[in-house]
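Notes for the one structure printed next.
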Protein chains: 2
Amino acid sequence: MITSTSNPQIKRLLQLQKKAKARDEENVFVVEGLRMFAEVPKNRVEKVYISESLFNRKKLELNLQDFPYEILSEQVFGHVSDTKTPQGILCVVKREKYDLNELFKVENPHFIVLDNLQDPGNMGTIVRTAEAAGVDAVFMSKDCVDIYNPKTIRSTMGSIYRVPYIYIEDIPNLLDIFRKNGVKSYAAHLNGEKFYDQEDYSAGTAILIGNEGNGLREEVAKKADIWVKIPMQGQVESLNAAIAASVLMFEVFRQRR
Amino acid sequence: MITSTSNPQIKRLLQLQKKAKARDEENVFVVEGLRMFAEVPKNRVEKVYISESLFNRKKLELNLQDFPYEILSEQVFGHVSDTKTPQGILCVVKREKYDLNELFKVENPHFIVLDNLQDPGNMGTIVRTAEAAGVDAVFMSKDCVDIYNPKTIRSTMGSIYRVPYIYIEDIPNLLDIFRKNGVKSYAAHLNGEKFYDQEDYSAGTAILIGNEGNGLREEVAKKADIWVKIPMQGQVESLNAAIAASVLMFEVFRQRR
């Protein structure tokens with residue numbers, strides 16, 4: 001059992017929790033909680049860390065014998081946990097690498113593109129909703145929040161394991177690739193000419209969502225095939241980014257059912 | 001200028017920020033930031049607190065002469081602010097009281113009912129989205145998170161000033177009142193018999209949304225006229241409560257446009 005916060009494994013875990021760079025270098029991410037552990041693909045588990053009390057209560061039902069694991073004292077677990085009330089289990093997970101070309105092999109794909117999205121909770125909620133709405137892949141600009149941020153991971157509620165996603169250097173160029181592959185791009189835009197439900201999304205569709213405060217960058221918006229608007233009553237200036245994304249993804253899904 | 005955190009006004013502000021009970025007793029709430037200040041109805045402002053630096057930079061354009069105000073040193077402002085990077089202005093606002101009977105005077109109203117919703121961010125996002133989707137009032141069970149929680153207020157982005165809302169002791173009884181007033185209630189439910197987009201929402205409509213982890217309480221769900229389901233792909237067990245609410249509110253709004 002690890003009882004000291006100066007143990008090298010604990011120091012590494014803390015780095016992985018706090019720093020995107022440390023996660024990138026090791027090509028892993030950290031998940032926390034019973035549900036995230038239950039849903040993790042077994043072959044991607046690098047190591048499991050469990051608190052002493054959870055180990056004593058649940059070691060059998062968690063099938064820990066299938067994984068390399070380490071027991072941590074409660075105090076040490078609290079130290080490495082990203083949550084206020086830790087469930088007592090966290091897990092270092094190897095990343096899945098998705099290939100851009102593979103993502104186009106779906107017929108009439110349903111994509112979502114996030115341009116400079118900054119809020120970790122929004123990012124996670126969008127990935128979760130994307131899975132529910134049958135989205136085939138999530139594309140993110142390089143300057144989006146890290147999808148492996150602990151709060152993002154938590155907000156995905158496990159969808160991070162199942163929805164393909166990819167960071168893209170040049171989003172305007174991606175929209176050209178979409179066009180060549182028969183995928184129409186729809187910019188969610190306050191100045192959209194059409195309401196979002198006036199378009200037909202039965203062919204290949206990519207929904208473009210911009211930054212929380214500023215919306216889509218001009219160089220991205222101007223490359224989109226169509227600008228669509230979500231109508232709004234009252235004095236609301238814009239919707240939350242995850243809400244706008246969800247309304248659009250569910251309209252695409254609704255039309256396709 | 002107030003330069004001490006032991007000043008009685010500062011102690012009171014802290015109580016108002018942190019405790020629902022203190023806010024209830026004084027029948028006020030606290031808003032923070034330039035936008036929330038810009039949109040506050042003037043007749044409801046009880047007092048404005050402004051940091052020294054913001055006062056020096058913007059006293060004229062903020063029209064502070066219209067309100068009772070107090071200048072706080074940066075350190076004291078940081079002490080009472082609920083945000084990590086305070087904008088330097090906060091404001092004690094008198095509450096608006098909405099009357100249940102008045103809320104039924106709208107023809108074919110579009111209502112949303114929140115049953116034991118617990119997350120302050122979800123609550124605020126729902127109020128913001130409700131304004132955008134033309135919702136006429138938000139009904140909340142008494143055990144919902146406090147709508148005057150600082151994080152909720154922030155997430156409403158000003159809609160708190162404009163969307164009527166009311167806490168209700170007995171939600172099952174409310175659904176009876178709905179029925180008598182020609183308002184059909186639709187429970188968002190994983191076991192819904194119908195998909196949400198198969199219903200016609202042109203008559204009076206109330207959407208019922210439950211707790212983040214447990215959904216609607218049985219005694220509420222069983223009183224609803226119809227259970228509707230949002231279809232989900234993949235292995236997603238449920239949507240985030242604010243997302244589910246938004247998909248439904250925007251479907252009602254879409255049909256009514």
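Letters A, B, ... mirror the listed sequences (proteins, then strands); counts begin at 1. All values below come from the heavy atoms of this structure, side chains included, with hydrogens, waters and symmetry mates left out.
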**Under 4.5 Å from any heavy atom of chain B - which part of A:Asn240** = both

**B:Asp82 with B:Lys151: basic N within carboxylate O range, under 4.0 Å** = no

**Request:** Using the six-membered ring wherever Trp is involved, compare the ring planes of A:His189 and A:Trp227 and label them parallel, tilted or perpendicular (cut-offs 30° and 60°).
**Result:** parallel

**Complete:** Whatever's closer than 4.5 Å to a heavy atom in chain A on B:Phe195 counts as side chain

**Prompt:** Are A:Arg254 and A:Asp197 within salt-bridge range, i.e. N to O under 4.0 Å?
**Reply:** no

**Message:** As a quick check of understanding, evaluate ring pair (Phe, Tyr, Trp, His ring centres under 6.0 Å) for B:Tyr167 and B:Tyr98, giving each step before the final call.
**Reply:** CA-CA 10 Å; B:Tyr167 279 94; B:Tyr98 298 97; over 10 Å; no

**Proximal component of A:Phe253, with respect to chain B [non-hydrogen, under 4.5 Å]** = side chain

**Item:** Candidate pair A:Glu39 and B:Gln235, rule side-chain hydrogen bond (donor to acceptor under 3.5 Å, both in side chains), full reasoning
**Value:** CA-CA 10 Å; A:Glu39 296 188 0; B:Gln235 294 169 51; over 6 Å; no

**Asked** So which of B:Pro231, B:Gly134, B:Ser246 has the largest heavy-atom pair count under 4.5 angstrom toward chain A?
**Response** B:Pro231

**Message:** Between B:Arg162 and B:Glu131, does any side-chain N to carboxylate O distance fall below 4.0 Å?
**Reply:** yes

**Prompt:** Under a 4.5 Å heavy-atom cut-off, does chain B meet the side chain of A:Ser155, its backbone, both or neither?
**Reply:** neither

**Item:** B:Arg128 versus chain A, the contacting section by heavy-atom distance below 4.5 Å
**Value:** both

**Asked** Should the heavy atoms of other residues, nucleotides or ligands under 6.0 Å from CD of A:Glu237 be counted, would the total exceed 12?
**Response** no

**Message:** At a 4.5 Å cut-off on heavy atoms, which part of A:Thr125 comes close to chain B: side chain, backbone, both, or neither?
**Reply:** side chain

**Item:** Atom group of B:Ser159 that falls short of 4.5 Å from chain A, counting heavy atoms
**Value:** side chain

**Among the listed options A:Ala244, A:Gly158, A:Gly234, the residue most often paired with chain B at heavy-atom distances under 4.5 Å** = A:Gly234

